[in-house]
Amino acid sequence: ECFEVMEDLVLGEKFSDSSLKQKLFNRLLEDSNDHAYDDWQEFIIDILRLCAEVADTVALRLLLKDRIMAYLNNPDIDEYAAPLLQILHRLIVVYGTDAEALQFEEENSAHASFREMLIERAKKENNFEKVIALAMEGEKQDDFHAGRTPQWKEIRYDAYKKLSLKAEQAGLAKELLFEGHFEYYQELKDLNT
């Protein structure tokens, strides 16, 4: 409930004068370093996300980036790297260029969320070969994540379909079917005339 109130305050001050936003930013940044949150990293991330909402000057964004980088350099917070990187990505999207955002996504494509962004970009450009390559990299990398591998295979399947690669499509449909995705039965049946 406290975070909801803080979020309402931050979003309410988003369009107010810069001195108030800077005070709010400084307070939030200071709070994000409070030892009360030592075992609750998700709350630290929420506070840093709020900081990003009012970091409308280069100086504030640099302070926020430094704080996030300090957390990213801590090996104990490794499982929270993706949400922290998403905050940095949002800053680039809002205040940087599309080329900078693309470069950031490519540099962090080891994280599923950034790989998905790259796949969406490739789909918009009708570059389905790149979609296939990104999905295959995702399959290899996320092999130990039981839930993610089928997601990458389904993305690859759709790309095969867009490129009319029937043999690859049939092979992957069979693989997905044998993994328990029965929705591919009819598609496999249609492909194997």
Side-chain angles (χ1 to χ4, degrees), residues 3 7 10-11 14 21 25 28-29 32 41-163 165 168-169 172 175-176 181:
F3 282 106
E7 186 175 27
V10 167
L11 296 177
K14 198 170 182 178
K21 281 195 269 189
F25 175 89
L28 287 167
L29 196 64
S32 74
Q41 282 79 12
E42 61 274 4
F43 293 134
I44 293 171
I45 293 166
D46 287 339
I47 292 172
L48 293 173
R49 196 173 287 119
L50 291 176
C51 283
E53 292 296 326
V54 289
D56 61 352
T57 67
V58 174
L60 295 180
R61 288 192 295 275
L62 284 173
L63 286 170
L64 180 57
K65 183 179 178 184
D66 289 345
R67 178 62 54 86
I68 290 172
M69 294 309 291
Y71 283 119
L72 288 171
N73 291 328
N74 181 352
D76 295 336
I77 203 163
D78 192 45
E79 68 182 278
Y80 297 100
L84 290 168
L85 289 168
Q86 287 170 355
I87 296 170
L88 291 176
H89 180 260
R90 174 145 169 72
L91 291 174
I92 293 169
V93 167
V94 173
Y95 299 104
T97 65
D98 192 49
E100 291 171 328
L102 175 60
Q103 180 183 352
F104 189 86
E105 291 162 13
E106 288 173 344
E107 289 170 358
N108 294 289
S109 65
H111 299 279
S113 59
F114 292 105
R115 182 178 305 283
E116 288 170 4
M117 288 177 199
L118 289 170
I119 287 172
E120 287 306 311
R121 282 180 184 268
K123 282 180 181 179
K124 286 179 185 172
E125 297 167 357
N126 290 322
N127 187 350
F128 294 104
E129 291 87 1
K130 186 172 183 177
V131 170
I132 291 167
L134 287 164
M136 289 177 89
E137 287 173 23
E139 287 174 51
K140 288 177 193 165
Q141 185 174 345
D142 290 339
D143 193 30
F144 59 93
H145 289 291
R148 285 195 198 145
T149 303
Q151 170 194 354
W152 300 126
K153 287 181 180 180
E154 288 171 4
I155 289 169
R156 186 162 53 105
Y157 180 85
D158 289 338
Y160 286 151
K161 199 173 190 177
K162 294 279 187 192
L163 292 172
L165 298 172
E168 291 85 350
Q169 194 179 341
L172 192 53
E175 194 176 316
L176 285 162
H181 300 275

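Predicted model only: the values in this text are computed from it and were never measured.
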Do you know the tightest heavy-atom contact between [X] and [Y]?
X	Y	result
L48	S32	CD2-OG, 3.7 Å
Q141	S109	OE1-O, 4.3 Å
I47	L28	CG2-O, 3.1 Å
A159	V131	CB-CG1, 3.8 Å
A55	L64	CB-CD2, 4.5 Å

Checklist line | Sequence neighbours excluded, every pair satisfying salt bridge (charged side-chain N to carboxylate O under 4.0 Å, His left out) that has a member inside residues 107-120 | finding: R115-E137, E120-K123

Checklist line | Set of salt bridge (Lys or Arg N to Asp or Glu O under 4.0 Å) partners for K153, sequence neighbours left out | finding: E175, E179

Item checked: Residues which pass salt bridge (Lys or Arg N to Asp or Glu O under 4.0 Å) with D98, listed by chain and number, not counting sequence neighbours -> R121

Checklist line | For F114, ring-ring contact (aromatic ring centres under 6.0 Å, His included) partners two or more places apart | finding: H89, F104

Item checked: Partners meeting ring-ring contact (aromatic ring centres under 6.0 Å, His included) with Y157 (sequence neighbours left out) ->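 With neighbours one apart ignored, the set is Y184.
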
Straight-line distance of [X] [atom1] to [Y] [atom2], nearest 0.5 Å:
X	Y	atom1	atom2	result
L163	D158	CG	CG	11.0 Å
L118	K130	CG	NZ	6.0 Å
K161	F128	NZ	CZ	12.0 Å
H111	M117	NE2	CE	11.0 Å
E139	L134	CD	CG	11.5 Å

Margin query: With a 3.5 Å distance limit and no angle check, can you tell me whether R67 reaches the backbone of L29 through a side-chain donor-acceptor pair?
Written below: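 Side chain of R67 to backbone of L29: a pair is present.
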
Check: Should the pair E53-R90 be classified as a salt bridge under the 4.0 Å nitrogen-to-oxygen rule?
Finding: yes

Check: Who pairs with Y160 by side chain to side chain donor-acceptor pair (under 3.5 Å), at least two apart in sequence or on another chain?
Finding: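 For Y160 the side chain to side chain donor-acceptor pair (under 3.5 Å) partners, ignoring immediate neighbours, are R156.
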
